[in-house]
Amino acid sequence: MKNLLWIVIATTTIFAQSICIDAGHGGSDPGAVGWGLQEKTINLDVSQRLYNLMRQSGWKAYLVRSSDKTVSLSGRTSYANSLGVKRFVSIHCNAFNKSANGTETFAYTKGSSTSFSMRNSVHPRLVRAMRTKDRGTKTANFYVIKHTNMPAILCELAFIDEKSDSSKLGDSYYRQKAAEAIHAGIVSTLTALDEEIRTSDSYMAPKWSPDGTALLITHPGYNGVRVMKMDDYSIHNVSSANTYNAKWISSHEIVCGAKDETKLLDTVTGKTVSTFAGLDMPIAVVKDGTLTVAEHVISLENDVIFNAVASPDNKFVAYESLKNGIHVVNVESGKSVRIGQGNNPAWMPDSTGIVFDRALDNGHEITQSNIFLASVDGQNVVNLTQNLSLIAQRPSVSPDGQKIAFDAQGSIFIAAFAEQKIQQILQVTK
Ligand SMILES: [Zn+2]
């Protein structure tokens with residue numbers, strides 16, 4: 001009975017419907033420009049209008065950004081996934097050659113059927129509202145719709161560099177109409193099933209088992225739980241459910257689904273929390289963008305904290321924020337050290353440091369991403385993958401501290417590393 005795997009999935013409870021709204025670009029990235037308009041400003045305005053409409057309909061709504069700030073693509077998806085929301089919509093404007101015009105709505109190429117029905121419901125409403133050319137419903141591999149774990153769409157409202165389209169984007173009447181159309185389209189797909197399976201043939205987000213004999217992996221969209229055995233790299237299907245925040249709780253047990261974890265925590269604390277670190281003893285709790293570590297309450301001005309991960313010795317907690325990247329807080333003193341931009345922190349098994357990814361993007365796709373190792377005091381930050389030319393993300397260190405697993409371009413890689421260097425690298429899936 002070697003490698004017997006159990007999975008613990010609590011029954012899904014019906015929460016209030018919830019959505020994360022992503023205003024594309026922002027801060028140092030204006031997005032497309034034309035006729036005196038910047039895409040980031042239009043995206044934010046329509047997102048805020050949509051946010052208000054969703055809340056008026058009784059939805060729990062979250063904005064990735066509520067001001068003009070720079071947020072990485074990886075930060076956007078990591079944040080949305082940490083919220084456990086039911087829907088994700090990203091708002092963009094198009095640009096091409098100053099003469100192309102019209103409206104397009106995208107779902108991820110291998111997205112869930114709810115993503116497709118949400119797209120198909122939003123799109124014709126958006127075209128009617130904007131009175132633009134109907135360029136059709138489309139599929140794409142845009143990062144934010146590929147790496148979110150809930151039904152997701154991306155709207156290209158109109159072409160900002162084309163005169164007639166641009167004049168509508170610059171008109172608050174049309175921006176309100178666009179928000180109303182997206183709202184109506186999303187609300188009307190409310191009753192669609194959430195749990196259908198995406199088809200996918202690539203892997204991501206490896207996590208070492210406590211005994212180092214297996215990797216927990218999943219597909220884009222956090223679709224399904226798979227386990228790869230390290231002795232022969234064979235892959236076993238544990239669950240086909242759409243899951244996220246899957247965690248090993250012993251070498252043969254996995255707990256998965258942040259919603260289920262939240263429910264678990266509810267019974268312990270009586271509080272609603274979005275994420276927590278440490279199954280038995282939640283020393284870190286994130287709620288509404290604020291982190292509580294032991295008795296210390298940590299918040300960042302104009303920023304949102306999420307995804308707190310306790311060190312194996314429970315003396316430190318690493319956390320992400322949308323604007324300021326990764327920090328490590330000392331549980332006893334409550335003092336935080338900023339590590340720098342990055343996402344997906346994971347601990348070294350001896351609690352002396354963290355690994356994480358740091359990505360560059362163009363607002364639609366990740367263009368470059370490397371795995372970094374940082375000492376717990378933030379003094380020593382090393383790029384482990386700079387010579388590999390891979391878009392390397394979501395690292396995990398083996399329990400013996402000798403190997404690091406990560407995903408890049410849909411494959412799982414395992415690298416031997418020592419003395420803060422990667423020495424050998426092996427691609428174990430494709
Ligand atoms: Zn854009």
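All ligand and atom numbering here is 1-based and tracks the order in the structure. In what follows, every heavy atom counts, from backbone to side chain, and hydrogens, waters and symmetry copies are set aside.
- The side-chain heavy atoms of S164 and N101, taken from C-beta on, include no pair separated by under 4.5 Å.
- Ring pair H364/Y143: centre-to-centre distance not below 6.0 Å.
- In this structure, the side chains of L169 and R175 stay at 4.5 Å or more apart for every pair of heavy atoms.
- Under a cutoff of 6.0 Å and an axis angle of 45°, R358 and F372 form a cation-pi pair.
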Under the criterion salt bridge (Lys or Arg N to Asp or Glu O under 4.0 Å), I'd like the reasoning laid out for R49 against D45: C-alpha separation, chi angles, the key distance, then a yes or no. CA-CA 6 Å; R49 291 170 189 274; D45 182 78; 2.6 Å; yes

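- Of all protein atoms, those that are N, O or S and lie under 2.8 Å from the Zn ion (ligand 1) total 4.
- Heavy-atom minimum distance, A179 versus V46: CB-O, 3.9 Å.
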